[in-house]
Amino acid sequence: MVRTRFAPSPTGYLHIGGVRTALFNWLFARRHGGQFILRIDDTDAQRNVEAALAPVLAGCRGRGMSWDEGPDVGAPHAPYYQSQRLARYQDAARQLLDGGFAYRDFATPEEIQQEREAAQREKRPFLYSRRWMAESSEQQAAFEAEGRKGVVRLKMPREGKLVIDDLVRGQVEFEWAREQGHVVQRADGTCLYHLASVVDDHDLEISHVIRAEEHLSNTPRQIFIAQSLGYPLPQYAHVPFVAEPGSKNKLSKRKLDKYLKNRDFAQINEHGVAIAERLGLATTGETFNPVIVDFYEQVGYLPDAIINYLLLLGWSLDDKTEFMSRQTMIDNFALERVTKAPASFDPKKLWAFEDHYMQAFPLKQKVARMLEFLQQAGIVAKPPPCDAGATLTRIVEAAGDRLKVFGDILAYADFFFVDQIEYDAKAVDKNLRKEGAAELLAEFRERLAETEPFDTQALEQTLHAFVEAKQIKTGQIIHAVRVATTGKAVGPGLYDCLEILGRPTCLARIDRALELVR
RNA sequence: GGCCCCGUCGUCUAGUCUGGUCUAGGACACCGGCCUUUCACGCCGAUAACACGGGUUCGAAUCCCGUCGGGGUCACCA
């Protein structure tokens, strides 16, 4: 039975690279008819785990990666929080001690550090001298008499080598003598990650540990722990990490300032921030930026777009296929086709996937989601007025593929909803203050007043007739009308805008625009 | 620095195991053009890569050796 797991720490946000790791685990489990387990690695137990955890859970669930066991899912191996499994780890530590695979160590961190520095000075690899190792109770008592506190430290082998058969990297060799004996239990009895992770993977019967490459060097000591405890080994698969835009460094949520210098990244960020501000959301880089999945959720990206993009970051089906349904992903996902080199996060390509998926998204659902955004921004009342649905549908239809994310409805189409539109100064200068523009507009206003019915077809005829009668170019009047009625130089088709706005609004706005420039 | 991993267009990748069909394919971005009432979409086109050096071979992106480059990791964090 294939059982994979994703084991995030509840830090409050989910990194884009984390989502991809979760995705690979989820896909692999589904591909093989196995189970996907969500475990929370909170050995460092913060108090309010629930609150910090919510975004992580939402991050997975929102992207359609359901877990078979884990928080909120009744299941046989509960609890799924490491903070609640301490007793198990302590048992394991005891067992390690009894078997001679670990020992009580009474060195202070400073003493270890001194040995490390000495080794560095002499340019030889550091290996702890085990000077403060206590293997008998007499030794232990002696150290304790000095007032020392003991931790449990791994007694790693100091000869031979380990060969790991990694499902994506192939055979990887390590020399045991290069591996440090890490602490697995602190003096206060709490246990550390490596022990906890190995014990849990065993208890949860994890068959495949699929995780990012940065864990590759942790693997020898985890294997040592597992073998010492008599556990069967899981299969390992170390996938490359997700790198920064335009470099091979590991993507990190801390280096936002650096990423903002990347033009594409900055563009995506700016677009998202503009939407978030209209929604009244906090936009500090720490919690809101394109490295964090929440960013996309809040701005209104489609989960399918994100998943599809992330899947292709380090995996491919063949030489051409890019767009895939969940089922196609599941049917074809294979660890053998995971690339070995790190892949840079490219926000522009994500954007292209978003564009594609949004175009295919059903109009009705699109309208529903955009209504939510309008309500959240306080532009449309809750519950909405009864004609809101029909109008919104018209707007969304008219805007077509110009709306890339749900939040775009706020910045792109706000002029449909507000009474007092704001005029874009540049557009006004360019299109309304031009020689003769105001006069033409004033004249065209009268034609609009008479156009009947006030719909796209008739409006188009009116404009064409006007252009012909005045012997002008279409551009001379059409842009002026657009700016006067919408306030902007860009937007949906003009006739659609006019019809949706309705005659009274159009005339009033033109009057106001004329006042502005005269 | 030690150990480990990686190296095909700017970016994501196909091709590498099983040498020839690769004068290296696709996608995103960029640039140019078409369409057009703006923008967006769509369409067409262009530029662009086998890190380098040796071997092996009739033939190497693919096999071998070396060099260089990039990255990860070296915690009583996870």
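Quick note on labels: first sequence line is chain A, next is B, and so on, each numbered from 1.
- In this structure, A/S247 reaches neither bases nor backbone, as no heavy-atom distance under 4.0 Å exists between it and the strands shown.
- Partner assigned to B/U73 is B/G2, using Watson-Crick or G-U wobble distances below 3.5 angstrom.
- When each of A/E179 and A/L494 is assigned the nucleotide of RNA chain B with its nearest heavy atom, A/E179 is the one assigned upstream, toward the 5' end.
- Taking atom C1' on both nucleotides, B/G7 is separated from B/C52 by 12 Å, rounded to a whole Å.
- Annotation: cation-pi geometry not satisfied between A/R394 and A/F416 (NZ/CZ under 6.0 angstrom from ring centroid, within 45° of ring axis).
- What separates CG of A/D166 from P of B/G72 is a distance of 18 Å, to the nearest Å.
- Comparing B/U57 with B/C64, their P atoms sit 16 Å apart, to the nearest whole Å.
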Anything under 3.5 Å between a protein N or O and an N or O of nucleotides 67-71 of chain B, put it in a table, one pair a line.
from	atom 1	to	atom 2	distance (Å)
B/G71	OP1	A/N249	OD1	3.2

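- If you take atom P in B/U47 and the same atom in B/G26, they sit 12 Å apart, rounded to whole Å.
- One can place OH of A/Y357 at 18 Å from C1' of B/C41, the figure rounded to the nearest angstrom.
- B/A61 and B/C44 have their C1' atoms separated by 31 Å, with the value rounded to a whole Å.
- Side chains of A/T219 and A/F174 form no contact here, defined as non-hydrogen atoms less than 4.5 Å apart.
- At the phosphate of B/A14, OP1 or OP2 sits under 4.0 Å from a side-chain N or O atom of A/S316.
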Step-by-step side-chain hydrogen bond (donor to acceptor under 3.5 Å, both in side chains) determination, A/N218 to A/Y193: CA-CA 11 Å; A/N218 292 332; A/Y193 168 72; 5.3 Å; no
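- Rounded to a whole angstrom, the distance from the C1' atom of B/C65 to that of B/U13 is 29 Å.
- One atom, NZ of A/K404, and another, C1' of B/C39, lie 10 Å apart when rounded to the nearest Å.
- Counting any heavy atom pair closer than 4.0 Å across all strands shown, A/R482 reaches a base atom.
- Looking only at side-chain heavy atoms (C-beta outward), A/K258 and A/N249 come within less than 4.5 Å of each other.
- Across the strands present, B/C9 finds no partner; the criterion is a Watson-Crick or G-U wobble pair with both atom distances under 3.5 angstrom.
- Pairing for B/G19 is absent, judged as Watson-Crick or G-U wobble with the two contacts each under 3.5 Å.
- Using a 4.0 Å heavy-atom criterion, one finds that A/G475 contacts no nucleic acid atom at all.
- Proximity note for A/H479 (side chain, C-beta onward) versus B/U37, B/C3, B/C4: the nearest is B/U37.
- For residues 259-269 of chain A, the pairs satisfying side chain to side chain donor-acceptor pair (under 3.5 Å) are A/E244-A/Y259, A/D264-A/K348, A/Q267-A/K348, with sequence neighbours left out.
- Judged by atom type and distance alone, A/R402 reaches the base of B/C39 through a side-chain donor-acceptor pair under 3.5 Å.
- Spacing between B/C39 and B/A78 at atom C1', rounded to whole Å, works out to 47 Å.
- Looking at heavy atoms from C-beta onward, A/M329 lies in side-chain contact with A/N308 at the 4.5 angstrom threshold.
- Under the 4.5 Å side-chain criterion, counting only non-hydrogen atoms from C-beta, A/H356 is not in contact with A/F353.
- Each of A/D401 and A/L312 lies near RNA chain B, and the nucleotide nearest A/L312 is the one positioned closer to the 5' end.
- Look at OH on A/Y13: it is 15 Å from P on B/A78, rounded to the nearest Å.
- Heavy atoms of A/G314 sit under 4.0 angstrom from primed sugar atoms or phosphate atoms, though from no base atom.
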Between the protein and nucleotides 44-51 of chain B, list the N/O to N/O atom pairs that are separated by less than 3.5 angstrom.
none

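- Residues A/F101 and A/I225 have side chains not in contact (no heavy-atom distance under 4.5 Å, counting atoms from C-beta outward).
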Do any N or O atoms of the protein come closer than 3.5 Å to N or O atoms of nucleotides 25-33 of chain B, and which pairs are they?
from	atom 1	to	atom 2	distance (Å)
B/G25	N2	A/D319	O	3.1
B/A27	O2'	A/E322	OE1	2.3
B/A27	O2'	A/K349	NZ	3.2
B/A27	N3	A/K349	NZ	3.0

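- If you check every strand for non-hydrogen atoms under 4.0 Å, A/P492 touches a base.
- A/R509 places no side-chain N or O within 3.5 Å of a backbone atom of A/T486 that could act as its donor or acceptor partner.
- For the residue pair A/D200 and A/Y89, a side-chain donor N or O sits within less than 3.5 Å of a side-chain acceptor on the partner.
- Across all strands shown, B/U36 forms no Watson-Crick or G-U wobble pair with both distances under 3.5 Å.
- Of the C1' atoms belonging to B/C28 and B/G71, the separation is 24 Å, rounded to the nearest Å.
- A gap of 27 Å separates the P atoms of B/C31 and B/A14, to the nearest Å.
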Using atom names, set out every protein N or O paired with an N or O of nucleotides 74-77 of chain B below 3.5 Å, distance rounded to 0.1 Å.
from	atom 1	to	atom 2	distance (Å)
B/A75	OP2	A/R116	NH1	2.6
B/A75	OP2	A/R116	NH2	3.3
B/C76	N4	A/A107	O	3.4
B/C77	OP2	A/R186	NE	3.3
B/C77	OP2	A/R186	NH2	2.4

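- B/C6 atom P lies 12 Å from atom CD of A/Q171, rounded to whole Å.
- Note: CZ (A/R5) to C1' (B/A78) measures 11 Å, nearest angstrom.
- Of the candidates B/C4, B/U11, B/U37, the closest approach to any side-chain atom of A/L216 belongs to B/C4.
- When Watson-Crick and G-U wobble pairs are counted only if both distances are under 3.5 Å, B/G59 pairs with no nucleotide at all.
- The residue A/E460 sits apart from the nucleic acid: no heavy atom pair falls under 4.0 Å.
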Stepwise side-chain contact (heavy atoms from CB on, under 4.5 Å) check, A/K349 with A/E322: CA-CA 11 Å; A/K349 184 133 187 177; A/E322 294 227 288; 3.4 Å; yes
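- If you measure from atom CZ of A/R124 to atom P of B/G2, you get 15 Å, rounded to the nearest angstrom.
- A donor-acceptor contact under 3.5 Å is not formed by the side chain of A/Y309 with the base of B/C12.
- Across all strands shown, B/A29 forms no Watson-Crick or G-U wobble pair with both distances under 3.5 Å.
- Using a 4.0 Å heavy-atom cutoff across all strands shown, A/A489 reaches at least one base atom of the nucleic acid.
- Side chains of A/H238 and A/R211: a donor on one and an acceptor on the other come within 3.5 Å.
- Residues A/I409 and A/R369 form no side-chain contact, since every pair of their non-hydrogen atoms from C-beta on lies 4.5 Å or further apart.
- Taking atom CG on A/L311 and atom P on B/U13, their separation rounds to 11 Å, with Å as the unit.
- Judged by distance alone, the side chains of A/Q222 and A/H194 do bring a donor and an acceptor atom under 3.5 Å apart.
- Evaluation of the salt bridge (Lys or Arg N to Asp or Glu O under 4.0 Å) test over residues 474-486 of chain A, restricted to residues two or more places apart or in two chains, returns none.
- Using modelled atom types and a 3.5 Å distance limit, the side chains of A/Q113 and A/E117 yield a donor-acceptor pair.
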